[in-house]
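Below is one structure, written out as structure tokens; the observations come after it.
Just so we're clear, the structure is a prediction, and the values are computed from it rather than from any experiment. Only heavy atoms go into these numbers, but all of them, side chains included; no hydrogens, no water, no symmetry mates.
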Amino acid sequence: MAAPLAPRGGAGVAGQCWLVLLPPLLLALLLARSAGALVEGLYCGTRDCYEVLGVSRTAGKAEIARAYRQLARRYHPDRYRPEPGDESPGRMPQSAEEAFLLVATAYETLKDEETRRDYDYMLDHPEEYYSHYYHYYSRRLAPKVDVRVVILVSVCAISVFQFFSWWNSYDKAISYLATVPKYRIQAMEIAKQQGLLRKAKEKGRNKKSKEEIRDEEENIIKNIIKSKIDIKGGYQKPQICDLLLFQILLAPFHLCSYIVWYCRWIYNFNIKGKEYGEEERLYIIRKSMKMSKSQFDSLEDHQKETFLKRELWIKENYEVYKQEQEEELKKKLANDPRWKRYRRWMKNEGPGRLTFVDD
């Protein structure tokens, strides 16, 4: 009778144990470094920066700077003269340029307190290989200029551009209004009543030419229009508080004001059920029309009065008004000859139509 086969379960269990332990062992081999390893590509490479400068780890900044100046003069490529022992493998590289760069790298590493602290930590904890790489390149690739300074300068530059751009638009609006007969005549009447035009035409020792008198009268008319007219919208007079810099500075105040306003709105109109005032009604109408505050403020007063008379803050009334405006726009477009030509062209030709001519 054949003897029973020996159980092979022990070998299978051992194989499974090796499979379980293999990934952690491989990871440990990847992460583990020798206790005294100096990594190529970090700081002074496989050389100790303290040994390169010939100083101890307790050396101060003055001693490090003095050692650097001596070695920099010695290994400067234009002044280098080989000395006995310089070409030994344990000391400096054979090339003067390499030696000079190594000395400079050692000094750059040890002169900065934070970089020196990272380097000392690498010497004391060489097993944290990837952490040293991260600290080295994060510090090396970090911007030299403070990001906050860059943001502040950029915001100031944008604010200055905004201010001059808005003033240019405002001057263009005033120049245009000075050519409109309605405003020009009113401004000239005010100038005559105040005697400003007579002063511009005064004769005497300082007699002015016709062009100078004309330019001075034009400036008087523009100044009167500036003082009397209220321009709203995109061409309004620029305000300092509207600039980006001041908007950022006042952002916390505006945020708190909005929160307080919103809480009051909920309490007064949603909870207590109060009726809307004129300001609240206009606000609801503006939101329904999806217009910004500057766009809504640029509308004429009689238009706002029409909105209030038709009670457009009520959703149903606004929907009726919106349909009326759409129908009116369709009628205008239907009677517009340019719109008719466009529709005829779209029907006959169409955009981007491609035809082939068969011979």
Side-chain angles (χ1 to χ4, degrees), residues 21-158 245 248:
L21 295 175
L22 185 59
L25 289 174
L26 291 176
L27 182 61
L29 289 174
L30 287 174
L31 296 177
R33 315 296 295 182
S34 59
L38 290 171
V39 183
E40 186 67 37
L42 297 184
Y43 305 105
C44 298
T46 56
R47 297 291 306 276
D48 191 330
C49 293
Y50 292 101
E51 293 180 358
V52 171
L53 295 180
V55 297
S56 64
R57 289 186 62 173
T58 58
K61 288 186 176 181
E63 184 179 352
I64 293 173
R66 184 166 57 252
Y68 165 70
R69 286 193 295 269
Q70 292 176 358
L71 292 174
R73 286 194 298 267
R74 178 179 176 183
Y75 290 102
H76 195 280
D78 297 335
R79 304 175 58 183
Y80 177 66
R81 296 293 181 271
E83 296 182 4
D86 283 352
E87 297 181 358
S88 62
R91 296 193 59 182
M92 287 292 177
Q94 294 181 357
S95 172
E97 289 82 358
E98 294 178 4
F100 184 78
L101 290 176
L102 184 60
V103 170
T105 302
Y107 177 66
E108 291 293 329
T109 302
L110 301 180
K111 75 172 185 177
D112 183 68
E113 292 183 1
E114 295 183 358
T115 308
R116 184 178 179 179
R117 190 183 305 114
D118 291 343
Y119 182 70
D120 290 342
Y121 186 83
M122 187 189 76
L123 295 178
D124 296 333
H125 303 83
E127 69 278 0
E128 300 181 12
Y129 175 72
Y130 295 104
S131 176
H132 301 324
Y133 256 105
Y134 169 75
H135 287 294
Y136 175 76
Y137 282 104
S138 62
R139 193 175 301 281
R140 186 174 182 180
L141 300 177
K144 303 299 181 182
V145 182
D146 192 349
V147 178
R148 293 170 295 182
V149 176
V150 176
I151 295 175
L152 179 61
V153 172
S154 301
V155 170
C156 292
I158 294 173
L245 177 61
I248 294 175

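- Applying the side chain to side chain contact (heavy atoms under 4.5 Å, CB included) test to Val153 and every residue at least two apart in sequence or in another chain returns Val149.
- A search for salt bridge (charged side-chain N to carboxylate O under 4.0 Å, His left out) contacts involving Glu108 returns Lys111, not counting sequence neighbours.
- For the atom pair CG of Leu53 and OH of Tyr68, the computed distance is 9.5 Å after rounding to the nearest 0.5 Å.
- Within the structure, the salt bridge (Lys or Arg N to Asp or Glu O under 4.0 Å) test picks out the following pairs touching residues 54-68 (sequence neighbours left out): Arg57-Asp120, Arg57-Asp124, Lys61-Glu113.
- Applying the side-chain hydrogen bond (donor to acceptor under 3.5 Å, both in side chains) test to Tyr121 and every residue at least two apart in sequence or in another chain returns Glu128.
- Residues meeting the side chain to side chain contact (heavy atoms under 4.5 Å, CB included) test with Leu101, sequence neighbours left out: none.
- In this structure, CG on Leu123 lies 5.5 Å from CG on Asp48, to the nearest 0.5 angstrom.
- In this structure, the separation between OG on Ser154 and CG on Leu245 is 12.0 Å, given to the nearest 0.5 Å.
- With 3.5 Å as the limit, one finds no donor-acceptor pair spanning the side chains of Asp112 and Tyr107.
- In this structure, Thr105 and Tyr43 have side chains that are not in contact, with every pair of non-hydrogen atoms separated by 4.5 Å or more.
- Under the rule for a side-chain hydrogen bond (donor to acceptor under 3.5 Å, both in side chains), Thr109 has no partner lying at least two apart in sequence or in another chain.
- If you take CG on Leu42 and SG on Cys49, they are separated by 10.5 Å, rounding to the nearest 0.5 Å.
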